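Every heavy atom of this structure was used, including side-chain atoms; hydrogens, water molecules and symmetry mates were not. All figures in this text were calculated on a predicted structure; none of them were measured in a lab.
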Amino acid sequence: MSDVNDTKFTPAVFLLTGIPGQEDVHLWISVLFCFMYAISIIGNSVILFIIKTDSTLHEPMYIFLSMLALTDLGLLIATMPTIMGLFLFNSIEISLDACFAQMFFIHSLQFIESSVLLLMAFDRFIAICNPLRYASILTLPRVAKMGLVFVLRAVAVIFPLPFLLKRFRFFRANILSHSYCLHQDIMKLVCSDITVNNIYGFFITVITVGLDSLLIFLSYVMILKAVLRITSPTKCLRALNTCVSHLCAVLLFYMPEFSLTLIHRFWKSSSPLLQIVLGYVYLLVPPLMNPIVYSVKCKHLRSKIIRVFVK
């Protein structure tokens, strides 16, 4: 009986995993991650600084962009300690409470980013389909209230997850698949019935990321219909061009997000390396690329950034 009981218990720590089979080059991989973190932090910080200090950018479009940059910075801060600790110092242990806390922040910030992308789609929809009422609909107090509502939504739906996990006992093999903590990954180590967690995790994904992506898609359907009614090809292209940076941000966020979710839930026989690479893309690429995309595509913002660095 004791031998059976020894196979499952609640461990004091989880063990993080880097890239299996590539341990010899972990130091070089850490250099790449350091570069990505540095560029991401600098890029998003510059975006926030420019928007905060330039009163001409205190408009809904740039307020939403500052929300996106702030969320990306939060994701970087939430993941950096374990990722860089593992690849630089081979620190593979993380306590249960620290793991649950990191999981909470990662998933909350991901849901907030999904909501911000929806708000940015709504901004483009109003600007193109109803430009005369843009200023009256998207007032700054209303923008702030919408942002607060979506932050509270993300926190409220993720808040139960750590408590749902703390009631479980875990297998002795307490090795996670990534160098950070995800709900789907932790559930694999549970030695009890996880039906409730599976259903709840799927439910909150549908009502947040799923609903947001559907509304973004419908927004662009309506935008496309409005743009196609414009008789001037030049004005049509100009209107579509204002959406390019947002579309890039949407693709950068949702493609790896949906791919990783589907793999974790429905394609469990997939290559572990594919899951690990997608996991890093899912967390690190959007914060890296969003400031670059918006700086390149938004002429007004680009000119402000150049002016700051030229000075």
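Partners of Lys304 by salt bridge (Lys or Arg N to Asp or Glu O under 4.0 Å), not counting sequence neighbours, listed by chain and number: Asp54. Legend: residues meeting side chain to side chain contact (heavy atoms under 4.5 Å, CB included) with Val277, ordered by chain and number and at least two apart, are Leu273, Val281. Listed by chain and number, the residues in a side chain to side chain donor-acceptor pair (under 3.5 Å) with Glu59 amount to none (sequence neighbours excluded). With sequence neighbours left out, the side chain to side chain contact (heavy atoms under 4.5 Å, CB included) criterion links Ile175 to Leu15, Thr17.
Between Ile47 and Tyr62, every side-chain heavy-atom pair lies at or beyond the 4.5 Å cut-off.
Summarising the hydrophobic clusters (Ile, Leu, Val, Met, Phe, Trp, Tyr; side-chain heavy atoms under 4.5 Å, direct or chained), the residues clustered with Val244 are none.
Within 6.0 Å of OH on Tyr254 lie more than 12 heavy atoms contributed by other residues, nucleotides or ligands.
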Using the side-chain contact (heavy atoms from CB on, under 4.5 Å) rule, take Phe87 and Ser179 through it: C-alpha gap first, then chi angles, then the decisive distance, then the call. CA-CA 9 Å; Phe87 284 98; Ser179 54; 4.1 Å; yes
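If you look at Phe125 and Tyr220, their ring centroids are not closer than 6.0 Å.
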Name each donor-acceptor pair under 3.5 Å that joins a side chain in residues 142-151 to protein atoms two or more places apart or in another chain, with its distance.
unit_1 : atom_1 : unit_2 : atom_2 : d
Arg142 : NH1    : Ile137 : O      : 2.9

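For the 3.5 Å distance criterion, the side chains of Asp72 and Asn290 qualify, holding a donor opposite an acceptor. The closest side-chain donor-acceptor pair between Asp185 and Tyr180, if any, does not fall under 3.5 angstrom.
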